[in-house]
Amino acid sequence: MSENLIGYIDNQGNIVDTQSAGETFDGQVIEYNNSAESLEIVRHSTAHLMAQAITELYSNAKFFVGPVVDEGFYYDFKVDEKIGEEDLKKIEKTMKALIKKKHKIEKYEITKTEALTRFANDELKQAVLSKIDDETISVYKQGDFEDLCRGPHVPALRFLNNFKLTRVAGAYLGGDENAEMLTRIYGVAFADKESLKAHMLMLEEAKKRDHRKIGAEMELFMFDEESGAGLPFWMPKGARLRHKLETILHKAHRKRGYEPVRGPEILKSEMWHTSGHYACYGENMYLTNIDEQEYGIKPMNCIGHIQIFKQSGKSYRDLPLRYYEYGVVHRHEKSGVLHGLLRVREFTQDDAHIFCTPEQIAPEVIKVVEFVDSVMQLFGFEYTMEVATKPEKAIGEDAVWDLATDGLKKALDENSLPYTIDEGGGAFYGPKIDVKITDALGRKWQCGTIQVDFNLPERFNVEYVAEDNTRKQPVMIHRAILGSFERFIAILTEHYAGEFPLFLAPTQVIIVPISEAHNEYAKELQSKLIDIDIDCEIFDKNDSLNKRVRNAEKQRVPFVAIIGDEEMQNSTVALRDRRQKEQYNLTQEEFMVKLTQQLNEGKI
RNA sequence: GCCCAUAUGGCUCAGGGGUAGAGCACUUCCUUGGUAAGGAAGAGGUCGUGAGUUCAAGUCUCACUAUGGGCUCCA
């Protein structure tokens with residue numbers, strides 16, 4: 001047996017550790033390395049080693065669960081003391097000391113009844129046991145430390161040398177916010193020191209791309225404590241960027257047959273009662289009183305669009321009717337979930353509602369999916385799709401929900417588009433397809449969404465005149481492509497690390513005149529650039545040329561144009577091209593053509 | 001909302017009971033420079049807010065506000 005053998009994969013693809021396999025086991029060997037299977041075993045065992053260390057340091061510790069997750073592992077537990085970041089080092093030290101004791105990790109089995117008796121005084125273990133159906137429970141033992149665990153584990157502690165405890169957090173028992181809160185410590189482990197180092201370095205690098213950091217550096221947006229949490233302010237450069245994105249998307253909508261509309265910011269509460277928002281979404285809504293009448297600030301744009309639809313009689317010939325709006329919405333998010341621009345309390349959705357017949361659902365959904373795809377491709381985003389089904393708080397009959405949910409799945413299936421299911425994650429009025437993109441740290445965020453809704457049209461008596469002159473109810477498809485400008489721009493910022501493509505960049509060109517004699521030429525050039533919709537700044541401060549070039553480069557603009565005597569004489573510019581990472585000279589005309597070409601890349 | 005942590009000039013941070021410090025940015029002056037920091041001088045902070053302990057509080061305690069990391073993924 002190789003001394004690097006830590007487990008097997010059986011013919012069903014399950015990991016079997018050496019303790020369970022015994023002397024003779026027929027299966028694919030798992031060596032101690034950084035493969036997914038190996039790391040799963042190593043990280044799980046490291047979680048247990050951490051638990052052992054915590055037991056040594058805090059004699060009253062009780063443990064819940066300690067699974068392996070995408071980014072490493074964690075263990076949930078309870079101690080009387082407060083555990084802070086400082087304590088992680090102490091725990092790490094104890095873990096290292098335990099490894100030196102060279103314990104083997106052994107496994108034995110007891111019955112569930114035995115387990116219940118043995119851990120009678122441990123409410124967390126009772127909670128764990130209550131979720132296990134098996135009559136036989138396995139226990140793993142290393143030194144004096146024993147824990148209920150189904151494995152798999154490495155054979156000995158010597159395989160656990162390369163780990164790092166990364167953060168301490170609170171976590172509700174069983175993920176239920178009404179249950180008590182346990183302490184959770186996250187960590188990560190690898191098969192060698194270099195991989196661990198590389199992983200920590202990668203996290204450092206990812207932090208540099210954080211949109212909050214770059215947003216502050218580039219002066220894109222800000223928050224203000226005095227004004228309130230989760231309420232973003234857009235500074236001039238952020239507003240320039242946002243305006244470019246809005247313009248690109250506006251054209252994309254018009255090309256696809258959408259009509260712009262706009263609803264009011266607040267509506268009488270009666271409307272929210274009719275829609276079901278008051279009952280199903282009320283805890284997220286801001287309410288206010290005007291002349292003794294209660295009004296609700298809109299958390300969604302659908303009602304405005306419904307009222308506009310109903311303003312005049314509609315015929316089947318008008319369908320599908322596509323209304324869109326950059327709708328500002330307010331939602332009361334819990335204070336603890338606010339997160340830069342990614343989760344705020346006021347944001348603008350690129351929202352649209354498509355009124356159509358049931359037969360038109362599938363083709364319309366596909367069109368929206370294609371719209372989403374063309375936008376994602378423009379920015380080079382990888383995305384995943386999830387079909388979210390009926391939530392606990394919902395309006396409408398199950399039969400209607402099934403119909404709508406099947407419609408969404410069918411549209412994706414017929415076009416061989418992959419998706420996963422998010423059970424119970426739908427909107428209260430209908431199921432949805434969510435489009436998710438990951439941020440710099442690999443966290444997933446919902447951006448685009450496509451929702452099929454039979455319920456609101458019924459509640460608001462929305463009608464059209466059908467071919468046979470009867471009145472029929474249209475279906476509504478709620479959809480957003482970016483999701484919100486706030487969240488999408490946050491992800492764009494991290495994706496590009498602030499180096500936006502020309503068609504989005506807040507400042508597209510910085511002109512650096514070599515001396516005062518060239519300021520006039522710089523201004524002429526700037527004026528020409530404004531004519532072709534290029535945002536341009538001149539760096540003519542009383543600083544050295546080197547410094548101004550450095551400052552210009554630090555702005556992450558696509559082009560820095562240096563101009564001196566030579567450029568003035570020949571009507572040229574000396575360019576620093578960020579994308580190509582090189583310097584070259586162009587005539588003014590050639591430069592304009594290049595800029596126009598790159599502006600056109602932003603067409604969808 | 002809950003758990004843990006953090007809050008010092010515009011930004012990044014130092015200072016840990018005895019009346020505020022650095023670098024960058026900013027202002028003025030000198031320098032007019034061909035591709036990532038030229039030089040000098042100056043201005044700017046009731047140390048997040050409010051209470052408390054103390055002869056004395058950025059510094060200790062408490063509350064609040066804001067920010068950060070978490071709170072689906074089963075021994």
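First the proteins, then the strands, lettered A, B, ... as listed; each starts at 1. We use all heavy atoms of the structure for the numbers below, so side chains are in, but hydrogens, waters and symmetry mates are not.
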Participant: So, does A/Arg576 get its side chain near the phosphate of B/A36, meaning an N or O under 4.0 Å from OP1 or OP2?
Facilitator: yes

Participant: Should A/His339 be listed as having a side-chain N or O under 4.0 Å from OP1 or OP2 of B/G69?
Facilitator: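 Looking at the OP1 and OP2 atoms of B/G69, one of them is under 4.0 Å from a side-chain N or O of A/His339.
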
Participant: When you compare the protein's N or O atoms with those of nucleotides 29-31 of chain B, which come within less than 3.5 Å of each other, and at what distance?
Facilitator:
unit_1 : atom_1 : unit_2   : atom_2 : d
B/C30  : N4     : A/Asn542 : ND2    : 3.2
B/U31  : N3     : A/Asn542 : OD1    : 3.0
B/U31  : O4     : A/Asn542 : OD1    : 2.7
B/U31  : O4     : A/Asn542 : ND2    : 2.3

Participant: Counting only distance, no hydrogens or angles, is the base of B/G34 paired donor-acceptor with the side chain of A/Glu567 under 3.5 Å?
Facilitator: yes

Participant: Just jot down the side-chain contact (heavy atoms from CB on, under 4.5 Å) partners of A/Gln569, sequence neighbours excluded, or say none.
Facilitator: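 A/Gln569 satisfies side-chain contact (heavy atoms from CB on, under 4.5 Å) with no other residue.
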
Participant: For A/Gly424, answer base if it contacts any base atom (sugar-phosphate contacts may also be present), sugar-phosphate if it contacts only those atoms, and nothing otherwise; contact means non-hydrogen atoms under 4.0 Å.
Facilitator: nothing

Participant: Apply salt bridge (charged side-chain N to carboxylate O under 4.0 Å, His left out) to A/Glu494 and list each qualifying residue two or more places apart in sequence or on a separate chain.
Facilitator: none

Participant: Not counting sequence neighbours, list each pair that qualifies as a salt bridge (Lys or Arg N to Asp or Glu O under 4.0 Å) and has a residue in residues 136-150 of chain A.
Facilitator: A/Arg118-A/Glu146, A/Lys125-A/Asp147

Participant: Could you pull out all residues at least two apart from A/Glu180 that satisfy salt bridge (charged side-chain N to carboxylate O under 4.0 Å, His left out)?
Facilitator: A/Lys78

Participant: For A/Thr389, check side-chain contact (heavy atoms from CB on, under 4.5 Å) against everything at least two apart and list the hits.
Facilitator: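 Counting only residues at least two positions away or on another chain, A/Thr389 forms a side-chain contact (heavy atoms from CB on, under 4.5 Å) with A/Thr405, A/Ile421, A/Glu423.
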
Participant: Does B/C73 have its OP1 or OP2 closer than 4.0 Å to a side-chain nitrogen or oxygen of A/Tyr74?
Facilitator: yes

Participant: Output all residues satisfying side-chain contact (heavy atoms from CB on, under 4.5 Å) with A/Thr288, sequence neighbours left out; order by chain, then residue number.
Facilitator: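 side-chain contact (heavy atoms from CB on, under 4.5 Å) list for A/Thr288, sorted by chain: A/Tyr295.
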
Participant: Between A/Arg548 and B/A36, is there a contact of a side-chain N or O with OP1 or OP2 at under 4.0 Å?
Facilitator: no

Participant: Roughly how many Å apart are B/G10 and B/G45, using the C1' atom of each and rounding to a whole number?
Facilitator: 12 Å

Participant: Could you work out, with ring pair (Phe, Tyr, Trp, His ring centres under 6.0 Å) as the rule, every residue matching A/Phe223, not counting sequence neighbours?
Facilitator: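 So A/Phe223 forms no ring pair (Phe, Tyr, Trp, His ring centres under 6.0 Å) with any residue.
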
Participant: Taking the six-membered ring for Trp, are the ring centroids of A/Tyr75 and A/Phe63 within less than 6.0 Å of each other?
Facilitator: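 Yes, the ring centres sit under 6.0 Å apart.
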
Participant: Starting from the 5' end of RNA chain B, give me the residue, A/Asp176 or A/Leu545, whose nearest nucleotide shows up first.
Facilitator: A/Leu545

Participant: Between B/C71, B/G69, B/G33, spot the one nearest the side chain of A/Arg167, thanks.
Facilitator: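 So the nucleotide nearest the side chain must be B/G69.
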
Participant: Nearest to the side chain of A/Ser515, which nucleotide is it out of B/A36, B/C71, B/U32?
Facilitator: B/U32

Participant: Consider the side chain of A/Ser544, meaning its heavy atoms from C-beta on, and name the nucleotide among B/G69, B/G38, B/U35 that approaches it most closely.
Facilitator: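 Of the candidates, B/G38 comes closest.
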
Participant: Is it the case that atom CG in A/Asn121 sees more than 12 heavy atoms from other parts of the structure closer than 6.0 Å?
Facilitator: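 Atom CG in A/Asn121 is not packed in, count stays at 12 or less.
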
Participant: Taking the minimum atom-to-atom distance to the side chain of A/Val337, which one of B/G1, B/A37, B/G70 wins?
Facilitator: B/G1

Participant: Does A/Tyr74 have A/Arg184 sitting over its ring (NZ/CZ under 6.0 Å from centre, angle to axis within 45°)?
Facilitator: yes

Participant: Under 4.0 Å from OP1 or OP2 of B/U32: is there any side-chain N or O of A/Lys541 that close?
Facilitator: no

Participant: Considering only atom P, compute the distance from B/U32 to B/C13 and round it to an integer number of Å.
Facilitator: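 Each nucleotide's P atom is 38 Å from the other's.
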
Participant: Determine: side-chain N/O of A/Tyr186 to OP1/OP2 of B/C71, distance under 4.0 Å, yes or no.
Facilitator: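 So the side chain of A/Tyr186 is within the cut-off, an N or O lying under 4.0 Å from OP1 or OP2 of B/C71.
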
Participant: Side chains of A/Phe73 and A/Thr46: closer than 4.5 Å at any heavy-atom pair?
Facilitator: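 In short, these two side chains touch, coming nearer than 4.5 Å.
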
Participant: Can you pull every protein N or O that's under 3.5 Å from an N or O on nucleotides 3-9 of chain B?
Facilitator:
unit_1 : atom_1 : unit_2   : atom_2 : d
B/C3   : O2     : A/Gly170 : N      : 3.1

Participant: Requiring both pairing distances under 3.5 angstrom, list the stems that contain RNA chain B and are made of three or more consecutive Watson-Crick or G-U pairs.
Facilitator: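 Detected stem regions: B:1-7 with B:65-71, B:10-13 with B:21-24, B:26-30 with B:38-42, B:48-52 with B:60-64.
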
Participant: Determine the interplanar angle of the A/His153 and A/His48 rings, folded into 0 to 90°, and report it as parallel if under 30°, tilted if 30 to 60°, perpendicular if over 60°.
Facilitator: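 Ring orientation, 0 to 90° scale: perpendicular.
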
Participant: What are the residues of residues 553-565 of chain A, sorted by number, that bring a heavy atom to within less than 4.0 Å of RNA chain B?
Facilitator: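 Per residue number, the list reads A/Glu553, A/Ile562, A/Gly564, A/Asp565.
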
Participant: Return the nearest nucleotide to the side chain of A/Gln583; candidates are B/U35, B/A36, B/A66.
Facilitator: B/U35

Participant: Between A/Asp147 and A/Gly175, which has a closest nucleotide on RNA chain B that is more 5'?
Facilitator: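 With A/Asp147 and A/Gly175 compared, the 5'-side residue is A/Gly175.
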
Participant: Where does the angle between the aromatic ring planes of A/His339 and A/Trp445 fall among parallel (under 30°), tilted (30 to 60°) and perpendicular (over 60°)?
Facilitator: tilted

Participant: Determine the contact category for A/His48: base if any of its heavy atoms lies under 4.0 Å from a base atom, sugar-phosphate if only primed atoms, P, OP1 or OP2 are that close, otherwise nothing.
Facilitator: sugar-phosphate

Participant: Would you mind listing every salt bridge (Lys or Arg N to Asp or Glu O under 4.0 Å) that reaches into residues 48-71 of chain A, with sequence neighbours excluded?
Facilitator: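 Sorted result for residues 48-71 of chain A: A/Lys62-A/Glu123.
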
Participant: Could you check which of B/C74, B/G33, B/U67 has an atom nearest any side-chain atom of A/Pro67?
Facilitator: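 Nearest nucleotide to the side chain: B/C74.
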
Participant: Does atom CD of A/Glu582 have more than 12 heavy-atom neighbours, drawn from other residues, nucleotides or ligands, at distances under 6.0 Å?
Facilitator: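 Yes.
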
